[in-house]
Amino acid sequence: MKFSDLTLRSEVHQGLEEIGFTDCTDVQEHTFTHSLKGRDVLVQSQTGTGKTAAYLITIFQQLSEQGAYPGKKALVVAPTRELAVQIEQDARDIGKHVPCKVGCFYGGTGYVQQEKTIAEGVDLIIGTPGRLIDFNRSGKLDFREVGVLVIDEADRLFDMGFYQDIQQIMRKTPDKEHRLTMLFSATLSQSVRNLSWKYMNDPAEIEIEPEHLAVDKIEQSIYHVARSEKFSLLLGVLEQYNPSNAIVFTNTRRSAEEVSFRLKFNGYHCEFLMGDLPQQKRLKIIERVKKGETRFLVATDVAARGLHVDDLEMVVNYDIPEDAENYIHRIGRTARAGKSGRAIALACEQYVFGLENIESMLGMKIPVAEFDESLLREDQAHGKRPPRRERLGGPSDRKPAMRGGPRGHSGGRRSGSPAEGSARSGPKRSSHRAEHSVANAPSPAGEAKSPAKAPGERDRGAPARPARKRGGRGGAPHKTETAASTAPKPAASQKSNPAPQGGSAKADPALNERLREYERKYGESFRPVDVGTGSAGGGGTDGGSSKRGATDGALARGDRPSGRRRSRGPSGRDRERGSRPDQGSVQSQSQSKPMPKEAPSKKRSEGSVSVKNESTKQTPTKKDGGTEGVLGRLRGLFRKGE
């Protein structure tokens, strides 16, 4: 059948004559028989059979005044961006003289230009499912205005996980009785048939037998080669056949990048195409290949569907695809529109296992081509790798993931002050870092500098870190203590100002408030008559009196503020609860300095204190180790008395 025999609008005939379309293919002839009459069609079609022109011509005819859906819109759903762009280009070529506005919508690019196209009005909508659903949810595209719906490469859409999205799009269009639906798929699987049964109106099924596929006009051959000699054989094949243009397919993106680099190194002008490239760069590469500016293209399966290059002479399967359908789509890039082409496959020990399924789908054995060492060519790029600027995701393309700078340097996480303008330096951490800055500041001239220490290690001579308040992490940071404020007082001041042993010292308002709180909580008073006696809080034992005496001496010397925790040792991790020192420090302090004598009039009996402590220990508490910990803190707070 010829296109001139069809009853089409004159603008469509004019466009077909300009692009040289005269005879209909089998798919086109069977599709026009039903689609031009307004009946739904379910078509099994492989790539390169002319299915794109079949539904585009139907759309232009049905949207005209002579068609069944004048004033309506047409929607074409494609699985990939490259296929959507190819459909748009074919629509502009065939409908060059048809007053129909065409728009293409896909992801990977901005919304501004596509929204502008929608605002200007569009009659033929072509796009991928994700972007189409986005515009529909935002109210910019109304699927209720669709009169003709086309699902292209339905099997590929389902493999990519768009089954639910296709159902959502078809539900938002008019009922199946009020629209024309055309579904094209390489295989009529159960999912495809279920979709057609639910959303199509008595479709006519059109199946093209495998022996009538476009691969009949493709000269196929396969080389069985070791993986180590594969690229040398590729160089020999390209030199032997010397094609004007070719596409080399690989299974992985890394392999595509490496093959492209090695071909360039051996003097072949080529580019690589993969899914990781930005959409604009991908479109520019495809445009250069179509114009003939790029002779060889190394690509993954992203170019196996929808990439139409006029008069493509050769397709090389550098890697045998694991999916047999991908092999059909790869070699379908050549021998299009009734022309002939050549397809060569290199089967190595890694990917040869997919050959059986491919030959089963083709219904034939691929002829094996023999070769010897004379066909192998020396690889000038042997042992070389692509430079970092060409390798996707290389270290040069990323920013270092380290936060706060490397450890051990200024601005690091464990030492030094935080970097200027750092957003992570909160108030709690900044107080500690300020203290470290004071401790790590350079010493004045004439003083010996401290030896270098590992990152995160505290200086043995540096003051202890200030303790955080007991209120959780949300509390305000403790007041920073400098080296001057924490320095020990002179011995003269210690002797002249002994620790008070009575209630003559002025009481702290916060301390009184805490005492009142404990009185309300436990029902008894925690105010001792004489905090300096040896019988208070120790159960009447000698160890308790030695601990209290050592603590009183330490407080009298002004070693640390009362009631605070402080770090012990150079690591700063051994923290002391309240003001209770460990046994070793108590004994050393009690031996170095005698305990002050106590007035006998203020001495309490050991029995009364022991009874009081025993009753207190039975009272449960949730703070820091029970009632004994509470008493320990209170004793530390009462050393100066009231």
Side-chain angles (χ1 to χ4, degrees), residues 215-252 254-273 289 292 294-301 303-304 309 311-322 324 326-328 330-335 339-359 362 364-387 390:
V215 298
D216 293 341
K217 297 184 178 181
I218 301 176
E219 183 181 350
Q220 302 180 64
S221 60
I222 185 172
Y223 292 88
H224 290 275
V225 59
R227 184 179 179 183
S228 59
E229 297 179 345
K230 187 192 291 189
F231 189 79
S232 298
L233 180 60
L234 175 62
L235 295 177
V237 169
L238 294 179
E239 182 179 338
Q240 178 182 0
Y241 293 101
N242 193 24
S244 59
N245 54 1
I247 298 180
V248 181
F249 284 100
T250 63
N251 286 353
T252 63
R254 183 183 182 90
S255 180
E257 184 182 1
E258 182 178 354
V259 171
S260 175
F261 166 75
R262 297 172 73 176
L263 284 175
K264 287 181 181 179
F265 206 91
N266 286 272
Y268 291 94
H269 179 63
C270 67
E271 296 186 72
F272 63 89
L273 182 67
V289 173
T294 300
R295 183 182 178 186
F296 297 106
L297 177 66
V298 184
T300 58
D301 286 323
V309 181
D311 302 327
L312 184 65
E313 189 172 339
M314 179 185 289
V315 171
V316 179
N317 284 286
Y318 188 80
D319 298 330
I320 299 294
E322 299 176 355
N326 288 341
Y327 178 84
I328 303 298
R330 286 182 180 184
I331 66 176
R333 299 306 98 200
T334 184
K339 300 179 182 179
S340 61
R342 186 186 303 275
I344 296 176
L346 307 181
C348 65
E349 62 272 17
Q350 183 178 5
Y351 297 109
V352 71
F353 301 101
L355 182 60
E356 183 179 356
N357 293 334
I358 294 174
E359 292 179 339
L362 292 175
M364 57 172 286
K365 290 288 186 180
I366 301 177
V368 178
E370 298 182 358
F371 69 98
D372 53 15
E373 294 184 358
S374 61
L375 191 59
L376 301 178
R377 296 293 180 268
E378 182 182 0
D379 181 14
Q380 301 296 332
H382 179 69
K384 296 180 175 59
R385 299 183 63 188
E390 294 186 8

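Scope of the values below: all heavy atoms of this structure, side chains included, with no hydrogens, waters or symmetry mates. Along the sequence shown, residues are numbered consecutively beginning with 1.
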Tell me, please, which residues at least two apart from Asn245 pass side chain to side chain donor-acceptor pair (under 3.5 Å).
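Listed in chain order: nothing, the list is empty.
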
Residues which pass side chain to side chain donor-acceptor pair (under 3.5 Å) with Glu349, listed by chain and number, not counting sequence neighbours:
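Partners of Glu349 by the side chain to side chain donor-acceptor pair (under 3.5 Å) criterion come out as none, since no residue qualifies.
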
According to salt bridge (Lys or Arg N to Asp or Glu O under 4.0 Å), who are the partners of [X], at least two apart in sequence or on a separate chain?
X: Arg342; value: Glu219
X: Glu271; value: Arg288
X: Glu322; value: none

Close side-chain approach of [X] and [Y], heavy atoms under 4.5 Å:
X: Leu238; Y: Leu263; result: yes
X: Val352; Y: Ile320; result: no
X: Tyr318; Y: Ser255; result: yes
X: Tyr327; Y: Gln220; result: yes
X: Glu313; Y: Tyr241; result: no

Looking at every non-hydrogen atom in both residues, tell me the closest pair between [X] and [Y] and how far apart they are.
X: Leu235; Y: Glu378; result: CD1-O, 3.8 Å
X: Cys348; Y: Ala226; result: CB-C, 4.4 Å
X: Pro243; Y: Arg295; result: O-NH2, 2.7 Å
X: Val316; Y: Leu234; result: CG1-CD1, 3.8 Å
X: Tyr223; Y: Ala369; result: CD2-O, 3.4 Å
X: Ala343; Y: Ile331; result: CB-CG2, 3.6 Å

Any donor-acceptor pair under 3.5 Å from Asn266 side chain to Gln380 backbone:
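Yes, because the side chain of Asn266 sits within donor-acceptor range (under 3.5 Å) of the backbone of Gln380.
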
Distance-only, no hydrogens or angles: does the Thr334 side chain make a donor-acceptor pair with backbone N or O of Leu312 under 3.5 Å?
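Yes, Thr334 side chain to Leu312 backbone: donor-acceptor pair under 3.5 Å.
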
Taking only residues two or more places apart in sequence, or in another chain, which ones meet Tyr351 in a ring pair (Phe, Tyr, Trp, His ring centres under 6.0 Å)?
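With neighbours one apart ignored, the set is empty.
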
Ring pair (Phe, Tyr, Trp, His ring centres under 6.0 Å) involving Phe296 - partner list, sequence neighbours excluded:
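For Phe296 the ring pair (Phe, Tyr, Trp, His ring centres under 6.0 Å) partners, ignoring immediate neighbours, are Tyr268.
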
Sort and list the pairs that fulfil salt bridge (Lys or Arg N to Asp or Glu O under 4.0 Å) and have at least one residue in residues 230-240, not counting sequence neighbours.
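Residue pairs passing salt bridge (Lys or Arg N to Asp or Glu O under 4.0 Å), neighbours aside: Lys230-Asp319, Glu239-Arg377.
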
Applying salt bridge (Lys or Arg N to Asp or Glu O under 4.0 Å), which residue pairs with at least one partner in residues 220-229 are found, sequence neighbours left out?
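Applying salt bridge (Lys or Arg N to Asp or Glu O under 4.0 Å) to every pair that reaches into residues 220-229, excluding sequence neighbours, yields nothing.
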
Return the set of residues passing side-chain contact (heavy atoms from CB on, under 4.5 Å) with [X] (not counting sequence neighbours), or none when no residue passes.
X: Ala324; answer: Asn357, Ile358, Met361
X: Ala256; answer: Thr250, Met274, Val298, Thr300
X: Phe353; answer: none

With a cut-off of 6.0 Å (strictly less than), are more than 12 heavy atoms of other residues, nucleotides or ligands near NE2 of His382?
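At most 12 heavy atoms, drawn from other residues, nucleotides or ligands, come within 6.0 Å of this atom.
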
Charged N to carboxylate O below 4.0 Å: is that the case for Glu258 and Arg262?
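Salt bridge present between Glu258 and Arg262.
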
I would like to know whether Phe249 and Asn326 meet side-chain contact (heavy atoms from CB on, under 4.5 Å); could you show each step before the answer?
CA-CA 10 Å; Phe249 284 100; Asn326 288 341; over 6 Å; no

Nearest 0.5 Å, please: how far is CD in Glu359 from CE in Met364?
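It is 8.0 Å, given to the nearest 0.5 Å.
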
Nearest 0.5 Å, what's the CZ-SG distance between Phe272 and Cys270?
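So the gap between those two atoms works out to 9.5 Å.
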
